[in-house]
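Along the sequence shown, residues carry numbers from 1. Computed from a predicted model, the values in this text were never measured in an experiment.
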Amino acid sequence: RGLRDRLRPMKPLLCTYRSSAPPDRTWAVASDFGNAAGRIPAITKVELLTPGPVGSGTRFREWRGSQVVDMEIAAWSPPRSYSLRGYAVGTEFTSEIRCVPDGSGTRLEMEIHVRPKTFGAKLLSPLISLMSKVMVKSCAKVLGDIAAAAERGKATASQDAKRSAE
């Protein structure tokens, strides 16, 4: 294979996870970025960078151990899906999270597109492709953590505030 073949964009990664929680509760947990660190062990901290309500254009910084990634909500379609766009180690990525009704529960889906942007990232893209199974496993773990929080009925901070005000 030539260099051009090896530098083609990666195929999208798709992860799915079935939750017994209803879609609206699953969406509330999946879209509550401010409280993600308390629900998803892989995320150690989240800092919202954009004031106001969460939606398209909202930016936040996410820590996973020592790795820090700035992300932006590129698309916002409550209560069913949103897309995040981020940039790390010379690579742009988009990640779409979908909450699909599935009987009385929800099928969580995460679709990730990775696009190397720098020369170094392009040279390493075959290695990223080889790591796709590890990446899918990691994504499935995140979806499982979201599902578990939704199944426990954990309300979001904004829902807690609404209940307190009533």
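Residue pairs meeting the side chain to side chain donor-acceptor pair (under 3.5 Å) criterion with at least one partner in residues 97-107, sequence neighbours excluded, are Arg18-Asp102, Thr26-Thr106, Glu96-Arg98, Arg98-Glu109, Arg98-Glu111, Arg107-Glu109.
Looking at Tyr87 and Glu72, their side chains never come closer than 4.5 Å, going by heavy atoms from C-beta outward. When side chains are defined from C-beta on, Ile40 counts as touching Ile146, because their heavy atoms get closer than 4.5 Å.
Closest approach of Cys15 and Cys139 over heavy atoms only: SG-CB, 2.9 Å. Considering every non-hydrogen atom in both Pro79 and Cys99, the closest pair reads O-CB, 4.2 Å. Phe33 and Val46 make their closest contact through O-CG1, 3.4 Å (heavy atoms, listed as atom of the first residue, atom of the second, distance). Contact between Ala149 and Val29 at its shortest, heavy atoms only, is CB-CG1, 3.8 Å. Residues His113 and Pro12 come closest through the heavy atom pair CE1-CG, 3.2 Å.
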Side chains of residues 50-58: which donor-acceptor partners sit under 3.5 Å, not counting sequence neighbours?
unit_1: Thr50; atom_1: OG1; unit_2: Arg59; atom_2: N; d: 2.8
unit_1: Ser56; atom_1: OG; unit_2: Trp76; atom_2: N; d: 3.4
unit_1: Thr58; atom_1: OG1; unit_2: Gly55; atom_2: N; d: 2.9
unit_1: Thr58; atom_1: OG1; unit_2: Gly55; atom_2: O; d: 2.9

### Message
Assess the residue pair Arg80 and Ile97 against the criterion (side chain to side chain contact (heavy atoms under 4.5 Å, CB included)); give the C-alpha distance rounded to whole Å, side-chain angles, the decisive distance to 0.1 Å, and a yes or no.
### Response
CA-CA 8 Å; Arg80 295 295 175 247; Ile97 307 291; over 6 Å; no
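Within the 3.5 Å criterion, the main-chain N or O of Trp63 finds a donor-acceptor partner in the side chain of Thr44.
In terms of the side-chain hydrogen bond (donor to acceptor under 3.5 Å, both in side chains) criterion, Arg85 has no residue partners (sequence neighbours excluded).
With salt bridges taken as basic N to acidic carboxylate O contacts below 4.0 Å, one links Glu62 and Arg64.
No more than 12 heavy atoms of other residues, nucleotides or ligands lie within 6.0 Å of OH in Tyr17, so this atom counts as exposed by the packing criterion.
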